[in-house]
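Attaching a single structure in structure tokens format; questions to follow.
Each chain gets a letter, A, B and so on, in the order its sequence line appears, and its residues count up from 1. The shown structure was predicted, so the numbers you read here are calculated from the model rather than taken from an experiment.
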Protein chains: 2
Amino acid sequence: MAVTIKDVAKLAKVAPSTVSRVIANNPRISEKTKKKVREAMDELGYHPNFIARSLASQSTQAIGLVMPSSTDVVFQNPFFPTVLRGLSEGAHEKHYALYMTTGKTDNEILDGVTQMVQGGRVDGVVLLYSKIEDKVLMYLQERGIPFVVIGKPFKHVEEITHVDNDNFRATKEVTEYLIQLGHDHIAFVGGNLNLVVTVERLLGYEKALREAGISLNDEYIVHEEFLREGGQEAVRELLSLKVPPTALVVADDLMALGVLNTLDELGIKVPEDISIISFNNVLVSEMSRPPLTSVDINIFDLGFDAARSLIQKIENPKEPIKRIIIPHQIVKRFSCSFPNEERVFLPQKGTFS
Amino acid sequence: MAVTIKDVAKLAKVAPSTVSRVIANNPRISEKTKKKVREAMDELGYHPNFIARSLASQSTQAIGLVMPSSTDVVFQNPFFPTVLRGLSEGAHEKHYALYMTTGKTDNEILDGVTQMVQGGRVDGVVLLYSKIEDKVLMYLQERGIPFVVIGKPFKHVEEITHVDNDNFRATKEVTEYLIQLGHDHIAFVGGNLNLVVTVERLLGYEKALREAGISLNDEYIVHEEFLREGGQEAVRELLSLKVPPTALVVADDLMALGVLNTLDELGIKVPEDISIISFNNVLVSEMSRPPLTSVDINIFDLGFDAARSLIQKIENPKEPIKRIIIPHQIVKRFSCSFPNEERVFLPQKGTFS
DNA sequence: TTGTAGGCGTTATCAG
DNA sequence: CTGATAACGCCTACAA
């Protein structure tokens, strides 16, 4: 129905294979025929059929994106539009298209991935998350499918190309910053422990404290899902401790927003009564009150480099394993300050006021 | 290389065409051979090749998504992860895959679309935005490609299947709500006027005022890009008016966040001094201080229904044009109240205080 | 430098 | 009910 290579060939009075070569810009075709063919293509409004091309060449020029479960709260994070943009630009640059798969359960996701991979819809895959014991990752690895992960793989770090931030170091730095300000009661509010990013950040936090000779306090470490209600509970618990923290390292901006909120309800002032520092530096972090000090992890680049290195890998299977670390920087705004001498203590549980 | 239909055929001792038929679950195949073939498929770990299938059947079981320009601020809106989720579930349900295309400029986007459409990568397309004079839309329409738009088409509304909210009515309701509370100085803070959603909302606002016998005041209507700096300027201007508004209808939650911020800096209290109501009801709207009264437009459903109706259209080309209106509801939180008798007036420009 | 022919993995149309 | 066989649109040796 549509105009094919044959139609063009006929009009240009050449063989279909010649047209094919012109498309591929094969150097062994004379400029003259190239021109002739191109004119014919224009005249007919020819567009190559990717499907046919894929079938013949066994390559699709498309990469598949694997998102976390769509029911997961992290999915709502503005993180995603931004990585997507990076991925998209990285792919576009090399003329690759993007394929998406999502799903509610882990199995649905795995199904989607096997279909797009085995079904030959994509040449490679990028995982937009990194979690512990991930079936999708294991599947990809077994099959020898080209893939890269955004984040740090849970296992086999040396064998998997990935692009990540140095979350360990970032969190360590951030914690040290708080310590420098004079804080020694610093709590950590983390997200889902199945995500390796959470683990990395926790580790960095602990390391900083240890190096500063501050003893770790289990009560100062709480984990809640990213976002919303998450923050609420965590903060309430933290602040009803006998000696509540004077500073919080929060693993995600949105979560920090929730924290800010709860704090406000409790009448606790940021940064006067408590300091907060968080991660990702998404748009809202500068729109909160007070604007959040946050570490910018350059989300766009995470996506961009992931697309790039996946494509390299696809086009050159012997490409070595790579670990790309995207730099981060602390963006200081107004949620951190020196600890307040006059500590605010909330009424303890079981204490009547 | 991979296991094909032929391998299965050989193992099951049938013809390739028979295998193809059991894949399609053709009723004219005996249960016995079906079983035999299926066993062979399992044994070999067979997965159908979508590419080959697409080529033969001239249908890809994939739909293309067209995003707004990736450089556009709206792209950062948490609106997108949510529509994506809806789209994804709607597509998944019917076993369709998702294809994405983005681009920086309008032409880049158009290119991407023509490639995926003419290249036969997708069976249809959904536009994730609706703007004035959209080349992509015109292209799709000329070519007779199945497509649906999320939002209200600028022209030819009767001829384009679309899924939308009744933004006109929603904004009218919202404005009336403010009027009922006693406000009669209500301003409108809108986004990009190229987006038809902005226009619709503006119209609804004006209608409500007119019906209430409140005269329109041009100075009360400002347009800024969604988000960030947007809000700042707009709000400053509004509040330095001789008679500043006592209530604001803001076209987007994120923008409202920015407004909230500026207001805070100016020392103006919400809702005591000024009421705010906004749109979309994204996660952050309940995490702001005060939590925003916002109209929930059911973003997920927008996506879900769009995918569904596109697929219907693809599978049945004579499917009639449809207009699907997703209901909305006002979610009342704490950003609106009665107007304050003692109005706060900022110093006028040129006035020394 | 260009043309011919076979194949990529399926589906679809005929027969039988 | 099942088996050949010809597309689908393009790529790629191999020939010329």
### Query
Can a side chain N or O of A/T18 be found less than 4.0 Å away from OP1 or OP2 on C/dG3?
yes
### Message
If you assign each of B/A52 and B/A15 to its closest nucleotide in DNA chain D, which residue comes earlier from the 5' end?
### Response
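In this pair, the answer is B/A15.
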### Message
Considering every strand and a 4.0 Å limit on heavy-atom distances, what is the contact class for A/P16: base, sugar-phosphate, or nothing?
### Response
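Contact class for A/P16: none.
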### Message
Please tell me if A/S20 has a side-chain N or O lying less than 4.0 Å from either OP1 or OP2 of D/dC11.
### Response
yes
### Query
Counting distance only, does the side-chain N/O of A/T161 pair as donor-acceptor with the main-chain N or O of A/I321 below 3.5 Å?
no
### Query
Separation of A/D7 atom CG from D/dC8 atom C1', in whole Å?
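To the nearest whole Å, that distance equals 14 Å.
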### Task
For A/Q118 and C/dT10, give me the distance from atom CD to atom P, rounded to whole Å.
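About 12 Å, once rounded to whole Å.
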### Task
Take the protein atom NE2 of A/H47 and the nucleotide atom C1' of D/dC8, then report the distance between them rounded to whole Å.
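Atom NE2 in A/H47 sits about 19 Å away from atom C1' in D/dC8.
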### Task
Mind grabbing the angle between the end helix axes of the helix from C/dT1-D/dA16 to C/dG16-D/dC1? Five pairs an end, 10° rounding.
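Answer for the end axes of this duplex: 40°.
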### Query
Distance-only, no hydrogens or angles: does the A/D7 side chain make a donor-acceptor pair with backbone N or O of A/T4 under 3.5 Å?
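Answer holds: yes.
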### Message
Taking A/E158 first and then A/R323, would you say they form a salt bridge - that is, a charged N and a carboxylate O separated by under 4.0 Å?
### Response
no
### Query
Given atom CG of A/N25 and atom C1' of D/dC11, what is their separation to the nearest angstrom?
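Computing the A/N25:CG to D/dC11:C1' distance gives 16 Å.
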### Neighbour count above 12 (heavy atom, 6.0 Å) for B/K94 NZ
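No - once you tally the heavy atoms of other residues, nucleotides and ligands closer than 6.0 Å, there are 12 at most.
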#### Entry: Closest nucleotide among C/dT10, C/dT11, D/dG9 to the A/T4 side chain
D/dG9
### Query
With a 4.0 Å cut-off, would you call B/K322 and B/D305 a salt bridge?
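Salt bridge absent between B/K322 and B/D305.
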### Message
If the cut-off is 4.0 Å, is A/R53 near the phosphate of D/dC11, judged by side-chain N/O to OP1 or OP2?
### Response
yes
### Query
Is any side-chain heavy atom of B/V14 closer than 4.5 Å to a side-chain heavy atom of B/K36?
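Yes - at least one pair of side-chain heavy atoms lies under 4.5 Å apart.
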### Query
Taking the side chain of B/I5 as heavy atoms from C-beta outward, which of C/dT11, D/dC10, C/dT2 is closest to it?
C/dT11
### Summary
From the candidates C/dT10, C/dG3, D/dG9, the one with an atom nearest any side-chain atom of B/A56 is C/dT10
### Message
Could you tell me if the side chain of A/I324 sits less than 4.5 Å from the side chain of A/V148, heavy atoms only?
### Response
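SC-SC contact between A/V148 and A/I324 ruled out.
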### Task
Would you indicate what A/V19 reaches in the nucleic acid, counting non-hydrogen atoms under 4.0 angstrom: base, sugar-phosphate, or nothing?
nothing
### Query
Hey, which of A/I145, A/V125, A/D123 is the one that makes side chain to side chain contact (heavy atoms under 4.5 Å, CB included) with A/I314?
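Of the listed options, the one satisfying the test is A/D123.
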### Task
In whole angstrom, give the distance that lies between atom CZ of A/R28 and atom P of C/dG3.
13 Å
#### Entry: Length of the line joining B/N49:CG and D/dC8:C1', which is rounded to integer Å
13 Å
### Task
Would you classify A/Y46 as touching base, sugar-phosphate or nothing, given that sugar-phosphate means primed atoms plus P, OP1 and OP2, and contacts are heavy atoms under 4.0 Å?
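Sugar-phosphate contact only - A/Y46 comes under 4.0 Å of backbone atoms but never of a base.
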#### Entry: Sugar-phosphate only, base, or nothing, as touched by A/L55 at under 4.0 Å among non-hydrogen atoms
base
### Query
Between B/K6 (NZ) and D/dG3 (C1'), how many Å, whole number?
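Taking NZ of B/K6 and C1' of D/dG3, I get 14 Å after rounding.
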### Message
If you compare every side-chain N and O of B/Q58 against the phosphate oxygens of C/dA12 (OP1, OP2), does one of them come in below 4.0 Å?
### Response
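No, because none of the side-chain N or O atoms of B/Q58 sits under 4.0 Å from OP1 or OP2 of C/dA12.
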### Message
By the 4.0 Å heavy-atom rule, please label B/S54 as base, sugar-phosphate, or nothing.
### Response
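Nothing, no heavy atom under 4.0 Å.
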### Query
Base, sugar-phosphate, or nothing for B/S30, non-hydrogen atoms under 4.0 angstrom?
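Here B/S30 touches the backbone only, sparing every base.
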### Query
Base, sugar-phosphate alone, or nothing: which one does B/S17 contact when heavy atoms must sit under 4.0 Å apart?
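Touches a base.
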### Query
Within less than 4.0 Å of OP1 or OP2 of D/dT2, is there a side-chain N or O belonging to B/T33?
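Yes.
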### Query
C/dA12, C/dT13, D/dG9: which one has an atom nearest the side-chain heavy atoms of B/R21?
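Output: C/dT13.
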### Task
Taking atom NZ of A/K34 as the centre, report whether more than 12 heavy atoms of other residues, nucleotides or ligands fall under 6.0 Å from it.
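For A/K34, atom NZ is crowded (more than 12 foreign heavy atoms under 6.0 Å).
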### Message
Measure CZ/B/R121 against C1'/D/dC10 and give the value in whole Å, please.
### Response
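After rounding, the gap between these two atoms is 14 Å.
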